[in-house]
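Structure first, commentary second.
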Amino acid sequence: MSFGTGCHLHLIDGSAFIFRAFHALPPLTRKSDGLPIGAVAGFCNMLFKMVEDNTGPNAPTHVAVIFDHSGKSFRNDLYDLYKANRPPAPEELVPQFPLTRVATKAFNIACIEKEGYEADDIIAALSVQAREAGGRVTIISSDKDLMQLVGGGVEMFDAMKNKRIGVEQVEEKFGVGPDRVIDVQALAGDSVDNVPGAPGIGIKTAALLINEYGDLETLLDRAEEIKQPKRRQTLLEKREQIELSKQLVTLDVNTPIDFSMETLEVQDPDPEVLLPFLAEMEFRTLTKRVADKIGVDAPIIAEPKAAEVAAPEQPAIDPDKYECVRDAEALQRWIDLAYKRGWVAVDTETTGLDEMVVDLVGISLAVEVGEACYIPLTHKDGSDDLFGTDQLSDGQMNEVQALEMLKPLLEDPAVIKVFQNAKYDCKIFTRYGVNVAPIDDTLLMSYALNAGRHNHGMDVLSERYLDHSPIPIKSLLGTGKSAITFDRVAIDEATKYAAEDADITLRLWQMFKPQLHANQVTTVYETLERPLVPVLAQMEMNGVQVDRDTLSRMSNAFAQKMAALEAEIHELAGETFNVGSPAQVGQILFEKMELPGGKKGKTGKYSTPADVLEDLATEHDMPARILDWRQLSKLKSTYTDALQTHINAETGRVHTSYLQTGANTGRLASTDPNLQNIPVRTEDGRRIREAFVAAPGNTLISLDYSQIELRILAHVARIDSLKQAFRDGHDIHAMTASEMFDVPLDEMTPDIRRQAKAINFGVIYGISGFGLARNLRIPRGEAQGFINRYFERFPGIKEYMDDTVAFAKDHKYVQTLFGRKIHTPEIGAKGPQAGFAKRAAINAPIQGTAADIIRRAMIRMPDAIKDLPAKMLLQVHDELIFEVADDAVDQTIDVVRDIMENAADPAVHLDVPLVVDAGTGANWAQAH
DNA sequence: GACATCACG
DNA sequence: GACGTACGTGATGTCC
């Protein structure tokens, strides 16, 4: 039905409502996992009320919810301080934003937002359109900024107070009619939005003046006539500021609207979408009310105890059923389906694995279990020869057109895009001009649910949870030298493979979603996993500049030294052999030269690790030379040579890849290349960091947490003396040494301190007498004595270790302070594994809590530094490295340090302060 | 592809 | 009493 006379449009100011609901309602959390959910609950109740009252004289015929688009609006171009006073949204509210979009969709209500505009502008444009078409409008909001729209068939409704706002109420508030509201606002300003206005003039005075002179322009033109000197002066001097203020408060009724009013027509919600959503949120009362209203049975909401969620029945996976999308018409059908559902599983196929380099080949989508498609884009046939005779295969959509069609869907805040490893696909899409959001990621869901139990790759997950082995990529590409790239795969084969991946992703997503709640890891997923994806993607794309010449020179120098050492070693051995072969080294040292200490490993060969050679080096030259050679060999092959091959031809920088699920504890891992193990401990090695440089005009800054794991240990084990030492800023190893060996601090020797430091670290790792003895090279009995004394002096430590192991045995997992679960399935094992599992269980909460803290800092960082000329480049477990314009170094350090030191708040209050040290320089060696 | 070794926190 | 042993990673070269 077209919009016109007799129609009634309801426009719900979504963003404003969420904020008000959040602050007005008690802090409700979801029972199963503590996810804050109060604002979503208030929002859903309001939507339901609207749906419930859909008869009667005030019932809407058309309805839409309008949200603010995150980011800046055109008003920031007018005035860069606009809304600059706004504090960031409360942490408990942040995960609720995307949920309110999903809720809107679930109620089958149009969900509207637009980049560069605020919700108010869209509401203004729609109101005017509707009014001009002869219809009525009710704006569900109490925002005074919208009051300028009231009148002529437009009124407002305060849903929290259940009160309508018409012309009369506007006059009551502003002292003028709706048509003069912006004049009053321009004068009075607004401290909340940081609209300057006229200093010293509030609403009362403003209304008085406007009523006297008729309108703002007349008032300003005749300001000379005002009797009060102060008022007159202000209006004369601040004219420009007042006029700017008027621009800021004036809503843009010409905001482009790219859909027709008919699409807003009221529709009944689909019970199969709405009820599962409400049940998932665990709104027990509302779920029942909605079910009653529709006349169906309410879904049962499990009490949080049930850890196992029964897998829903699903049709079998059949790759022959997938569709190959070859034209715009077919693609549009899939896009429509995705909008209708509010979610879509997406997978990209590319020519390789390096997201910074590869080309897009095709995209697959799945919207319903078993219903998936593949959109081939750049498959080629013909010979792949040097003459460029290969051309695009027939029957493919134009790549640019397909991306243009998909972009609005992929960027639509109301449609969740589901990936297996979203970071990869999002980086590809970013290179093609599409910023995908919001996302869900089955890789990360599995990690939150199952870290420590198994890996989280698609093959593993599919076999384990769907009992289905996906088509192996090798069956399409082949292996080794004859392997082809995906663009050379026949489109029919590619369709089966690619669409299957999207189908599997969707199935896994539907299975994992309820499990997150049932296992109480939704908060972990929502606050520590999902928001990290765009942050890591940006860091990886930033890359770090690496100077090839520096590396190349070092490689040559290392090669020369190695050649000289090799000659010496062969001379000493009396024969030539491969110094790089541990087996041959063992043979020479322990058989030919008959040195002591030769131990054979499980493969029957002598073991020659560094600590063994170090012991021999005190008596003999050869092991010392071998150690030197090995160090140089390592530095050359792994660093100075290999790093050069990782310099991106286009950017001239090195782009690592972070594995968010690489370590069970929550730590990240870095690959291709690993930039988390660049040498630092030896002088020669440290020089490699000189090759990591800042771009011209920039400086590298490095900020690292001081002793973060020991601080966490002091907190979780509740060791008062350690906590106090950290609060007092004392040298913690010296203090430990003093406690243990009864040496006053002013008589402390470096050696005693070194031993205490080794013990402190040992404790974090789940200390054993044997391990400490080996580390300190002291007799085992003596080491055990140290440990015993340590436990006597700090009894809380032993208690913590025992409690943690007991918890692990009870639950088969341990937890960080932020709720991350690390599963310990081996904890009950007998034999040698038992020790491993125990120590891992003791270490995991400490290492994992530290990892959670730096993740929280990283997630907050983009917003914190958005106005600074600074880029976050690298993370090395307790250290963050930034590249920043020379003149903003100090300011950036202040901002970053503040975020890092307060990263645990407000979710966890640590009893110890977190301290962050900073360094700066033209290269990483200086900055560290 | 397994193993040994060694780079980092 | 014996078992083995510090926690968490990734890259490289050798050898089968």
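Lettering of chains follows the sequences in order, A, B, ..., and the numbering in each one begins at 1.
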What is the nucleic acid contact for A:Leu772, judged by heavy atoms within less than 4.0 Å: base, sugar-phosphate only, or nothing? base
Within the 6.0 Å centroid threshold, strictly below: A:Phe786 and A:Tyr790: no
Whole-Å P distance, C:dT5 and B:dA4: 12 Å
So what does A:Asp878 hit on the nucleic acid, given a heavy-atom distance under 4.0 Å: a base, only sugar-phosphate, or nothing? sugar-phosphate
Taking only the side-chain nitrogens and oxygens of A:Gln584, find out if one of them lies under 4.0 Å from OP1 or OP2 of C:dC15. yes
Distance-only side-chain donor-acceptor flag, A:Ser581 / A:Asn578, under 3.5 Å: no
What does A:Ile764 touch in the nucleic acid at a heavy-atom separation under 4.0 angstrom: a base, only the sugar-phosphate, or nothing? nothing
Taking only side-chain N and O atoms of A:Arg667, does any of them lie within less than 4.0 angstrom of OP1 or OP2 on B:dC8? no
Does a salt bridge link A:Glu683 with A:Arg686, judged by any charged N lying under 4.0 Å from a carboxylate O? yes
Can you tell me how far C1' in B:dC8 sits from the matching atom in C:dC3, rounded to whole Å? 31 Å
Please classify the nucleic acid contact of A:Phe836 as base, sugar-phosphate, or nothing, using heavy-atom distances under 4.0 Å. sugar-phosphate
Pairing donors with acceptors under 3.5 angstrom, does anything connect the side chains of A:Gln560 and A:Asn556? no
CE of A:Met900 to CD1 of A:Ile853, rounded to nearest 0.5 Å, is 10.5 Å
Classify the nucleic acid contact of A:Arg774 as base, sugar-phosphate or nothing, counting any heavy atom under 4.0 Å across all strands shown. sugar-phosphate
Checking B:dC6, C:dC15, C:dT9 against the side chain of A:Ala663 (C-beta onward), the nearest is C:dT9
Taking only side-chain nitrogens and oxygens of A:Ser581, does any of them come within less than 4.0 Å of OP1 or OP2 of C:dC15? yes
Under the side chain to side chain contact (heavy atoms under 4.5 Å, CB included) rule, collect the residues that match up with A:Lys600, sequence neighbours excluded. A:Tyr606
Quick check on A:Lys871: does its NZ atom have over 12 non-hydrogen neighbours (other residues, nucleotides or ligands) under 6.0 Å away? yes
Could you tell me how far apart A:Ile846 (CD1) and C:dG8 (C1') are, to the nearest whole angstrom? 13 Å
Could A:Lys821 and A:Tyr813 be counted as a cation-pi pair, given that NZ or CZ must be under 6.0 Å from the ring centre and within 45° of the axis? yes
Checking contacts here: which listed nucleotide (C:dA6, C:dA11, C:dC7) is nearest the side-chain heavy atoms of A:Ile767? C:dA6
Do A:Glu690 and A:Thr550 have side-chain N/O donor and acceptor atoms under 3.5 Å apart? no
Whether A:Arg793 engages the ring of A:Phe791 as a cation-pi pair (distance to the six-membered ring centre under 6.0 angstrom, angle to the ring normal within 45°) should be assessed. no
Distance only, no hydrogens: is a donor on one side chain within 3.5 Å (strictly under) of an acceptor on the other, for A:Gln676 and A:Gln875? yes
So A:Ile842, base contact, sugar-phosphate only, or nothing? Heavy-atom distance under 4.0 Å. nothing
When we call it a touch if two heavy atoms are under 4.0 Å apart, what does A:Asp704 touch: a base, just sugar-phosphate, or nothing? nothing
Could you identify which residues of residues 604-611 of chain A place a heavy atom less than 4.0 Å from some atom of DNA chain B, listed by residue number, or say none? A:Ser607, A:Thr608, A:Pro609, A:Ala610
As an exercise, state the distance from CD1 of A:Ile899 to CD1 of A:Ile859, rounded to the nearest 0.5 Å. 12.0 Å
Walk me through whether A:Asn760 and A:His733 qualify under side chain to side chain donor-acceptor pair (under 3.5 Å). CA-CA 7 Å; A:Asn760 275 335; A:His733 301 311; 3.0 Å; yes
Please tell me which of the listed nucleotides, B:dT5, C:dA6, B:dG9, lies nearest to the side chain of A:Val680? B:dG9
Each nucleotide N or O in nucleotides 2-4 of chain C that has a protein N or O under 3.5 Å away: list the pair and distance.
none

Distance check: side-chain N/O of A:Asn677 vs OP1/OP2 of B:dC6, anything under 4.0 Å? no
Regarding A:Gln631, tell me which of base, sugar-phosphate or nothing describes its non-hydrogen contacts under 4.0 Å with the strands shown. sugar-phosphate
Using a 4.0 Å heavy-atom cut-off across all strands, classify A:Ala841 as base, sugar-phosphate, or nothing. nothing
Set of residues satisfying side chain to side chain donor-acceptor pair (under 3.5 Å) with respect to A:Asp615, sequence neighbours excluded: A:Arg777
Specify the residues of residues 638-646 of chain A, ordered by number, for which at least one heavy atom lies under 4.0 angstrom from an atom of DNA chain B. A:Tyr639
Is it the case that A:Glu879 and A:His928 place a side-chain donor and acceptor less than 3.5 Å from each other? yes
Have a look at A:Gly766 and say if it touches a base, only the backbone sugar-phosphate, or nothing, with a 4.0 Å heavy-atom cut-off. nothing
May I ask you to verify if any side-chain N or O of A:Thr603 is less than 4.0 angstrom from the OP1 or OP2 atom of B:dA4? yes
Can you list every stem that DNA chain C is part of, counting only runs of 3 or more consecutive Watson-Crick or G-U wobble pairs with both distances under 3.5 Å? B:1-9 with C:7-15
Could you verify whether a donor N or O on one side chain and an acceptor N or O on the other, from A:Thr608 and A:Arg630, lie under 3.5 Å apart? yes
Between C:dG10, B:dG9, B:dC6, which one does the side chain of A:His928 approach most closely? B:dG9
